[in-house]
Structures are given as C-alpha cells and as structure tokens.
Amino acid sequence: MGTIRNNYYMQHALELANLGLYTTTPNPRVGCVVVNDEGNVIGEGYHQKAGLAHAEINALAAAGASARGATIYVTLEPCNHQGQTGPCTEALIAAGVKKVVYGMEDPNPRVAGRGLARLREAGIVVEGPVMEEAARDLNPGYIKRMTENMPWVRCKMAMSLDARTAMANGESQWITGPEARLDVQKLRARSCSIVTGVNTVINDNPSLTLRDPLLGPITRQPVRVIVDSYLRTPPQANILRVVGETLIVSCVKPEKDSPLVPWVHVFPNTTEDQVDLRALIRYLGTLGHNEVLIESGSKLAGSFLTAGLIDELVVYLAGSLMGSAARPLFELPLVHMDDRIPLSIRQILPIGQDWKILAYPVYRD
C-alpha cells in the first residue's frame, strides 16, 4: 500500500516538475506535493526559474500552516546550502513536516546526500528513492553536468525512408511535416544551446530561434553556436541578426576590423585543424548549459558521433525517398562491420505523417 501511495503522489510531483521543462536552466526541474494524513493534497509547487523559489518553498507556501505534520513528495533531494535562495531543508524543518519522500538524490556535490542527512538529523522520516528512473529522466543534462562536468548532447536529424537528409544540391526544406517541426521547437525550448556548422549557415541561412506560439510566451532563447574553424560565417547571416546570443567558435582569430569580432571565441584545434568538439562541449558545461542540441548537416553530426559526444539521437523519419545521390544522415569513416556504432532504440512514435525515433548511441570503450 505504501508503494502505491508513494508512486501516486510522486507521479503528481513529476508532472509538476515537467512544467519547468523550458525555464529552469541551469537549475534542475523539480516538483513538490504536500499531503496530509487523510491523503489530501494541501499544497503543491514546482521550480519555475533559476533565482526564484524552489519547488519545496512554493509547495509549503501553498499549504501554509497545514504543512505541519504533513508528508512531502519531492522529485529531487532538498538542497542544504545557501545559493540564490535559502536551504530547502531548513524550510521543511521549520514548517514541521513529519516525512519527506524523494525521487532521487541530488548529484550536485554541494548536496549529494547532505540534504537527506540534515532532515534525518532533525527527526524527519525520509523515504526514497521513489520512481527514480522517471525522476532522472527529467534532468539528464543537470545530472551529467554535475557528475561529469559535461552537458547532455542531443542530436536532431530529419531523414527520408532511405536515410537521406538533403538533395545533392543541398536542398532540404521540408523533409518532414509541420507536426515534426513543432516537436523540434520543443527540443530547442528545453535546450540551453543549439550547435550548428558553418556550412549549414551558408547553405540554409537559418535563424535557429524559438518562434512557435504553441509553446507559449518565449522567455529565453538558447545560445546559438556556430562551429566555424576558418571564419567563413557571412556577417549578414540571419543567425547573427536575430534576438538572442550567438557564438562563433573557430580555430583562428579574426582581424581586428572584422565584423565577426563580437561573436568569435577561439578554441583549441585538433590535428586536423578543426575545432576541438570535446573542448567545445566541455566549455558549454562551464557556462551552466545542461542540454545541448545539435542541428547540423551530416558532416558535423558525424564528427560529434565519431568523437563519442552524442548522448541521444532524435531522428524524424519521413515517408519519402530522396535517392542515392542525396546526402546521408551522417558522414562516418566506417569500413568494416565491426566499426558499426550500435544504437539502443528507446522509442518509435508516430508524429503527424512522420515517425520519431529516439535512440542512444552505445559507444565501445
């Protein structure tokens, strides 16, 4: 009975946490529910934005004095340190709650079990983890950045049934339908940065902005990152002219009078005189970026995959054929069957007239 009860209220807390899917970065998405002895929800809340109150504080405020003696269901271990806001553990203790049920421990080294220990020291009963896998799925980027100092890298591609992404002349709009394109807007909205290549900028002149009204008010644009080893980005490119921040990463330093100077960040280069992609992803982690979205052509996407930097593939499959002369999904230097990169297929879902495939690359050590 206890497991059923815990799962029921934790599911509600997870749904609340998901309301912050697009807004909490660099903080985690967290939801919280306050339940009294009769099983009634008397308060709920979620973390809405970095710098604002945490989920526990919002839920306690909603419950008021009724929180005394109640049980708290929270998707992530309460913090026990002073950041932009105060420690949630102390707020829970002051409110007089009797039990805290948590979804997962916080991987942040500043917390990492200390919040739970503080609650137990204060005499509060602590239970968990509960629905831990679902709690972890909410925050893949936050977890990876806290444990590996690297963001979660998601690569989005659209292809025909014969695995082609553009015609031989570069024409690619549109492979998929409007429903798939809206779904891409959702991927952008949850990402901290979007990485593309200079060839995509030159050939397609994209903006890479959030702009779909179905997502609601746009309060944050992801940082747009152009991988441009030799500074070929046209100064008049759309990506430099739209709202939000754009960063050009290059192996060379621009001339002092170059119009690209405001956007350029010089990065270490590899032996092939290309931007060091691992250094780039690590740098984005230092900026507090939890989730990075790659929207590029087959060459750059293949380089990220070959380097073992892609955590998640989102492939939109259209019911069409583009022919053998069209461009492939990835450019990969694979020769033998043993060179194949295995994929763990997690989901295959219909989306409009297309299909969405979610897969995780399985890298060999």
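Since we're looking at a predicted model, the values are computed, not measured.
No donor-acceptor pair closer than 3.5 Å links the side chain of Thr200 to the backbone N or O of Thr196. Put simply, the side chain of Ser229 gets close to the backbone of Val275: a donor and an acceptor are under 3.5 Å apart. The backbone N or O of Val201 lies less than 3.5 Å from no partner atom in the side chain of Asp204, so there is not a single donor-acceptor pair. Between the Ser250 side chain and the Val252 main chain, a donor and an acceptor come within less than 3.5 Å of each other. For the pair Asn238 (side chain) and Pro206 (backbone), a donor-acceptor distance under 3.5 Å is absent. One N or O on the side chain of Thr75 and one on the backbone of Gly31 form a donor-acceptor pair closer than 3.5 Å. Remark: the backbone N or O of Pro328 is paired with a side-chain donor or acceptor of Thr165 at under 3.5 angstrom. A donor-acceptor pair is defined here as one N or O able to donate and one able to accept, closer than 3.5 Å; no such pair exists between the side chain of Arg220 and the backbone of Thr23. With Ser258 contributing its side chain and Pro254 its backbone, the two residues share no donor-acceptor pair below 3.5 Å.
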request  = List the steps and the verdict of side-chain hydrogen bond (donor to acceptor under 3.5 Å, both in side chains) for Arg5 and Thr3.
outcome  = CA-CA 5 Å; Arg5 178 187 175 97; Thr3 299; over 6 Å; no
task = Apply side-chain contact (heavy atoms from CB on, under 4.5 Å) to Gln48 and Arg29, showing your working.
result = CA-CA 8 Å; Gln48 299 177 18; Arg29 301 141 184 157; over 6 Å; no
request  = Given side-chain contact (heavy atoms from CB on, under 4.5 Å), test Glu245 with Arg224 step by step and report yes or no.
outcome  = CA-CA 6 Å; Glu245 180 183 355; Arg224 298 173 295 271; 5.9 Å; no
message = Let's go through Asp276 and Phe267 carefully: what are the C-alpha distance in whole Å and the side-chain angles of both, what is the deciding distance for side-chain contact (heavy atoms from CB on, under 4.5 Å) to 0.1 Å, and is it a yes or a no?
response = CA-CA 7 Å; Asp276 186 331; Phe267 261 80; 5.8 Å; no
request  = Could you give me the CA-CA distance, side-chain angles and deciding distance for Ile341 and Leu305, then say whether side-chain contact (heavy atoms from CB on, under 4.5 Å) is met?
outcome  = CA-CA 9 Å; Ile341 300 173; Leu305 191 57; 3.8 Å; yes
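Inspection of the Asp228 and Thr233 side chains reveals an N or O donor paired with an N or O acceptor under 3.5 Å. Between the side chains of Asp183 and Tyr316, at least one donor-acceptor pair of N or O atoms lies under 3.5 Å. Residues Arg346 and Ser344 bring a donor and an acceptor atom of their side chains to less than 3.5 Å of each other. Asn199 and Arg232 are linked by a side-chain donor-acceptor pair at a separation below 3.5 angstrom, with hydrogens and angles left out of the test. Between the side chains of Thr24 and His47, no donor-acceptor pair is found at a separation under 3.5 Å.
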Please report, to 0.1 Å, the donor-acceptor pairs under 3.5 Å made by any side chain of residues 116-127, with sequence neighbours excluded.
unit_1: Arg118; atom_1: NE; unit_2: Glu90; atom_2: OE2; d: 2.8
unit_1: Arg118; atom_1: NH2; unit_2: Glu90; atom_2: OE1; d: 3.3
unit_1: Glu127; atom_1: OE1; unit_2: Asn6; atom_2: ND2; d: 3.1
unit_1: Glu127; atom_1: OE2; unit_2: Lys99; atom_2: NZ; d: 3.3

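Across every non-hydrogen atom of Trp263 and Thr246, the tightest pair is CD1-O, 3.2 Å. Pro129 and Gly103 get closest at one heavy-atom pair: CB-O, 3.1 Å. Residues Ala189 and Leu210 approach most closely at N-CD2, 3.3 Å, considering heavy atoms. Considering all non-hydrogen atoms of both residues, Asp162 and Leu321 come closest at OD1-CA, 3.6 Å. Taking each heavy atom of Asn27 and Tyr142 in turn, the nearest pair found is C-CD1, 4.4 Å. For the pair Glu179 and Ile351, the tightest heavy-atom approach, listed with the atom from each and the gap, is O-CD1, 3.6 Å.
In this structure, Asp354 CG and Thr176 OG1 are separated by 5.0 Å, a value rounded to the nearest 0.5 Å. Note that the CD atom of Glu255 and the CG atom of Leu231 stand 9.5 Å from one another [nearest 0.5 Å]. The structure places OH of Tyr360 at 13.5 Å from CD1 of Ile310, a figure rounded to the nearest 0.5 Å. Separation of atoms CG (Leu284) and OG (Ser191) is listed at 11.5 Å; rounding is to 0.5 Å. The NZ atom of Lys98 sits 15.0 Å away from the CG atom of Leu92 when rounded to the nearest 0.5 Å. Once rounded to the nearest 0.5 Å, the distance linking CZ of Arg190 with CG of Leu21 reads 4.5 Å.
Using a 4.5 Å heavy-atom cutoff, the side chains of Val227 and Ile248 are not in contact. Put simply, the side chain of Leu161 does not reach to within 4.5 Å of the side chain of Ser320, judged on heavy atoms. Looking only at side-chain heavy atoms (C-beta outward), Pro178 and Leu182 stay at 4.5 Å or farther from each other. You'll find the side chain of Glu295 reaches within 4.5 Å of the side chain of Val184, heavy atoms only. For the pair Val315 and Trp355, the minimum side-chain heavy-atom distance is 4.5 Å or more. Counting only heavy atoms from C-beta outward, the side chains of Ile226 and Ile239 approach each other to under 4.5 Å. A heavy-atom distance below 4.5 Å is found between the side chains of Arg181 and Trp174. Between Glu77 and Asn108 there is no side-chain heavy-atom pair separated by less than 4.5 Å.
More than 12 non-hydrogen atoms from other residues, nucleotides or ligands lie less than 6.0 angstrom from CG of Asn40. Counting non-hydrogen atoms of neighbouring residues, nucleotides and ligands closer than 6.0 angstrom, the NZ atom of Lys299 reaches no more than 12 such neighbours. Within 6.0 Å of CD in Gln353 there are 12 or fewer heavy atoms belonging to other residues, nucleotides or ligands. The 12-atom threshold is not exceeded at OH of Tyr8, counting heavy atoms of other residues, nucleotides or ligands nearer than 6.0 Å.
For Arg145 and Trp152, the positive end is not near the middle of the six-membered ring at less than 6.0 Å and at most 45° from its axis.
Comment: Asp106 does not engage Arg114 in a salt bridge, judged by the lack of any side-chain N to carboxylate O separation of less than 4.0 angstrom. Ion pairing of Lys144 with Asp311 is present here, as a side-chain N (NZ or NE/NH1/NH2) and a carboxylate O approach within less than 4.0 Å.
The hydrophobic cluster containing Val130 does not contain Val34, counting ILVMFWY residues as joined when their side-chain heavy atoms lie under 4.5 angstrom apart, directly or transitively. Hydrophobic clustering (side-chain heavy atoms under 4.5 Å, transitive across Ile, Leu, Val, Met, Phe, Trp, Tyr) groups Leu16 together with Leu138. Hydrophobic cluster membership differs between Val35 and Tyr102, with clusters built from Ile, Leu, Val, Met, Phe, Trp and Tyr side chains linked at under 4.5 angstrom. No path of Ile, Leu, Val, Met, Phe, Trp and Tyr side chains, each step under 4.5 Å between heavy atoms, connects Leu14 with Ile72, placing them in separate hydrophobic clusters. In this structure, Val261 is not a member of the same hydrophobic cluster as Val225, with clusters built from ILVMFWY side-chain heavy atoms closer than 4.5 Å.
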